[in-house]
Amino acid sequence: MNWFYVEELKDHIGEEVELRGWVWNIRSSGKIHFIQFRDGTGFVQVVVESSSARPEVFESASKLRIESSVIVRGKVIEDKRSPYGVEIHATDVIPIQIPDEPYPISKKDHGIDFLMSYRHLWLRSRRQFHILKVRDAILMAIRHFYKARNFTLIDTPIFTGAIGETAENLFELDYFDYGKVYLTQTGQLYLEAACMAFGKVYNLGPTFRAEKSKTRRHLIEFWMHEAEVAYYEHEDNLRLQEELISYIVKYVLENAQDHLLALGRDTKKLQKVEVPFERITYDEAIKLLQKSGSNIQWGDDFGGDEETVIASNFEKPVFVTHYPRKVKAFYMQPDPKRPEVVRCADLLAPEGYGEIIGGSQRIHDYQLLLERLEEFNLPKEKYQWYLDLRKWGSVPHSGFGLGIERTVAWICGLEHIREAIPFARTLYRIYP
RNA sequence: UCCGGCGUAGCUCAACCGGUAGAGCGGGUGGCUGUUAACCACUAGGUUGGGGGUUCGAGUCCCUCCGCCGGAGCCA
């Protein structure tokens with residue numbers, strides 16, 4: 001008998017199949033067992049009736065407990081009573097392993113501390129299954145997007161000597177006799193080098209921030225996708241970002257809609273995410289906030305509350321551009337008409353999910369970059385390679401970074417970012 | 001790091017003004033041929049986070065330590 005996955009069953013109605021998976025719940029009425037079965041591709045109900053099954057099969061089904069692993073053989077039956085449309089009428093139930101202890105995650109509610117401690121088992125739960133399937137779709141969408149545009153994937157290093165953005169928030173490690181090195185906060189500087197070699201490049205990988213942040217939007221280790229394009233200026237950069245985001249949302253709606261619906265996500269809100277996105281300047285955002293009763297002043301950076309107020313005025317993501325250069329990173333290109341602001345943009349997701357992208361045009365002038373390094377008290381020696389990029393064939397270039405977990409949280413409609421990554425690293429949790 | 005909240009059975013919670021520990025789920029036993037967090041009956045399960053104090057008496061009040069949660073700053 002052929003081994004099939006649950007996701008294939010609707011194409012095999014009436015056939016005898018073998019399934020290999022786990023029992024997530026079992027209900028029994030004495031002479032009939034209902035095995036709630038999962039195999040990592042989906043969920044289905046297996047029915048074992050004493051009137052039709054062989055006695056030893058019925059007996060082995062009675063012995064199953066929650067999270068037993070099991071091989072089931074039986075016939076695929078179309079059944080309107082099943083939420084999945086089909087169910088399996090078992091002819092064989094072969095337990096692989098039956099737990100000695102009760103499964104710690106019960107059918108009732110649990111607290112978040114307990115669930116995070118059992119993350120290795122929590123991954124088996126249906127909600128987590130759907131979230132991580134959406135994450136998988138988002139990462140696949142990013143790769144498709146760049147493949148179609150002939151970008152080159154450049155894997156940037158995890159260990160770095162140069163500081164990406166600010167000297168604070170870095171994880172320090174001893175690197176043999178070399179001395180201190182850091183876990184990367186961003187691969188951007190390396191992508192800038194690569195874009196002068198490959199024109200249009202992107203990366204996708206983990207980044208680390210030693211911030212003692214305790215909010216629903218922060219992780220210590222999070223995944224970031226960054227892109228960098230030579231000869232792109234500010235406007236080109238925004239256009240690439242809005243095309244990427246609308247592509248990701250469309251891709252997820254087409255390829256993972258069932259998962260979104262299982263999570264209870266209102267997909268109508270996501271269907272509105274089409275290009276172009278609105279752009280407002282930092283100056284306009286300040287006015288908008290002041291009109292909403294905030295006493296924020298020009299020159300202040302935005303916090304989570306401010307981002308939520310701004311984003312609540314829009315149905316799709318919105319760009320906030322031209323921030324004061326003092327609140328932004330050292331490498332951002334000043335606006336030629338107003339040197340006190342830089343050619344940057346943050347993309348704020350709707351529904352209070354905050355900043356999902358930060359990007360900018362980069363300084364391409366050697367002398368100006370050198371001045372900025374000094375202004376930010378960064379050690380020139382460690383950035384010599386970065387300065388070199390401005391010595392040979394320097395061109396205007398732009399790029400951005402997308403926070404993967406924030407994007408997953410927004411598209412799935414999650415309360416907290418910690419469910420958007422398989423094993424979250426938060427402030428005081430490294431287990432499991 | 002700062003501010004606020006919480007810590008009671010394996011899990012989620014209840015216990016009035018300080019008066020002597022209770023329910024659901026999970027576990028065990030039995031019943032049930034269409035269950036959807038199945039249901040019904042019976043049953044086992046507790047140093048109330050640790051330490052100290054006040055009191056005739058503390059899960060409850062006070063001090064302290066630990067753990068967790070939420071928020072802020074910072075950021076994606």
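The model shown is predicted, which means the values in this text are computed figures rather than measured ones. Proteins come first, then strands; the chains are lettered A, B, ... in the order of their sequence lines, and each starts at number 1.
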### Message
Give me the distance, rounded to whole Å, that separates rU43(B) from rC61(B) when you measure between the P atoms they each carry.
### Response
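Each nucleotide's P atom is 34 Å from the other's.
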
Between the side chains of [Y] and [X], is the shortest nitrogen-to-carboxylate-oxygen separation below 4.0 Å, so that they form an ion pair?
{"X": "Lys328(A)", "Y": "Asp301(A)", "result": "no"}
{"X": "Glu315(A)", "Y": "Lys272(A)", "result": "yes"}
{"X": "Arg239(A)", "Y": "Asp236(A)", "result": "yes"}
{"X": "Glu405(A)", "Y": "Arg135(A)", "result": "yes"}

Under 4.0 Å, heavy atoms only, any strand: does [X] hit a base, just the sugar-phosphate, or nothing?
{"X": "Glu405(A)", "value": "nothing"}
{"X": "Glu226(A)", "value": "nothing"}
{"X": "Glu355(A)", "value": "sugar-phosphate"}
{"X": "His110(A)", "value": "sugar-phosphate"}
{"X": "His225(A)", "value": "nothing"}

I want to verify a distance call: between [options], whose nearest atom is closest to the [X] side chain?
{"X": "Leu219(A)", "options": "rU35(B), rA76(B), rU1(B)", "result": "rA76(B)"}
{"X": "Ser28(A)", "options": "rC32(B), rA76(B), rA72(B)", "result": "rC32(B)"}
{"X": "Arg27(A)", "options": "rC69(B), rA37(B), rA72(B)", "result": "rA37(B)"}
{"X": "Lys214(A)", "options": "rU35(B), rU33(B), rG71(B)", "result": "rG71(B)"}
{"X": "His218(A)", "options": "rA76(B), rU33(B), rU35(B)", "result": "rA76(B)"}
{"X": "Arg418(A)", "options": "rC75(B), rG34(B), rG70(B)", "result": "rG70(B)"}

### Message
Please tell me if Arg127(A) has a side-chain N or O lying less than 4.0 Å from either OP1 or OP2 of rA37(B).
### Response
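For Arg127(A), the contact criterion (side-chain N or O under 4.0 Å from OP1 or OP2 of rA37(B)) is not met.
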
### Task
Report yes or no: does Glu8(A) contribute a side-chain atom to a donor-acceptor pair with the main-chain N or O of Tyr5(A) at less than 3.5 Å?
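Side chain of Glu8(A) to backbone of Tyr5(A): a pair is present.
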
### Query
Would you call the rings of Phe145(A) and Tyr247(A) parallel, tilted or perpendicular if under 30° counts as parallel and over 60° as perpendicular?
tilted

### Message
Both Ile417(A) and Arg429(A) contact RNA chain B. Taking the nearest nucleotide for each, which residue is further toward the 5' end?
### Response
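The answer here is Arg429(A).
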
### Message
Taking the nucleotide of RNA chain B with the nearest heavy atom to each, does Gly358(A) or Arg216(A) sit closer to the 5' end?
### Response
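In this pair, the answer is Arg216(A).
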
Grab the [atom1]-[atom2] distance between [X] and [N] for me, whole Å please.
{"X": "Ile245(A)", "N": "rA76(B)", "atom1": "CD1", "atom2": "P", "value": "14 Å"}
{"X": "Ile26(A)", "N": "rG34(B)", "atom1": "CD1", "atom2": "C1'", "value": "14 Å"}
{"X": "Tyr431(A)", "N": "rC68(B)", "atom1": "OH", "atom2": "C1'", "value": "16 Å"}
{"X": "Leu402(A)", "N": "rC75(B)", "atom1": "CG", "atom2": "P", "value": "18 Å"}
{"X": "Ile105(A)", "N": "rU12(B)", "atom1": "CD1", "atom2": "C1'", "value": "14 Å"}
{"X": "Tyr323(A)", "N": "rC75(B)", "atom1": "OH", "atom2": "P", "value": "11 Å"}
{"X": "Phe58(A)", "N": "rU33(B)", "atom1": "CZ", "atom2": "P", "value": "9 Å"}
{"X": "Lys212(A)", "N": "rC75(B)", "atom1": "NZ", "atom2": "C1'", "value": "16 Å"}

Considering every strand shown, what is the Watson-Crick or G-U wobble mate of [N] when both distances are under 3.5 Å?
{"N": "rA37(B)", "value": "none"}
{"N": "rC32(B)", "value": "none"}
{"N": "rC2(B)", "value": "rG71(B)"}

### Message
Looking at rA76(B) and Phe222(A): do their rings stack (centroid distance under 5.5 Å, interplanar angle under 30°)?
### Response
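The ring of Phe222(A) is stacked on rA76(B).
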
#### Entry: Syn/anti state of rC42(B) by chi, 90° boundary around 0
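Glycosidic conformation of rC42(B): anti.
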
### Message
Using a distance-only criterion (donor-acceptor N/O pair, under 3.5 Å, no hydrogens), is the base of rC74(B) paired with the side chain of Arg217(A)?
### Response
no

### Task
Flag yes if more than 12 heavy atoms outside Glu56(A) fall under 6.0 Å of its CD atom; otherwise flag no.
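More than 12 heavy atoms, drawn from other residues, nucleotides or ligands, come within 6.0 Å of this atom.
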
#### Entry: Minimum heavy-atom distance between Pro396(A) and Gln361(A), given as atom pair plus value
CB-NE2, 4.0 Å

What nitrogen or oxygen pairs link the protein and nucleotides 24-29 of chain B at under 3.5 Å?
{"from": "rG24(B)", "atom 1": "O2'", "to": "Lys108(A)", "atom 2": "NZ", "distance (Å)": "2.7"}
{"from": "rG26(B)", "atom 1": "OP1", "to": "Lys107(A)", "atom 2": "NZ", "distance (Å)": "2.9"}
{"from": "rG27(B)", "atom 1": "O3'", "to": "Arg65(A)", "atom 2": "NH2", "distance (Å)": "3.3"}

### Query
Would a line drawn from the ring center of Tyr323(A) to the ring center of Phe302(A) be shorter than 6.0 Å?
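Judged by ring-centre distance (under 6.0 Å), Tyr323(A) and Phe302(A) do meet the cut-off.
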
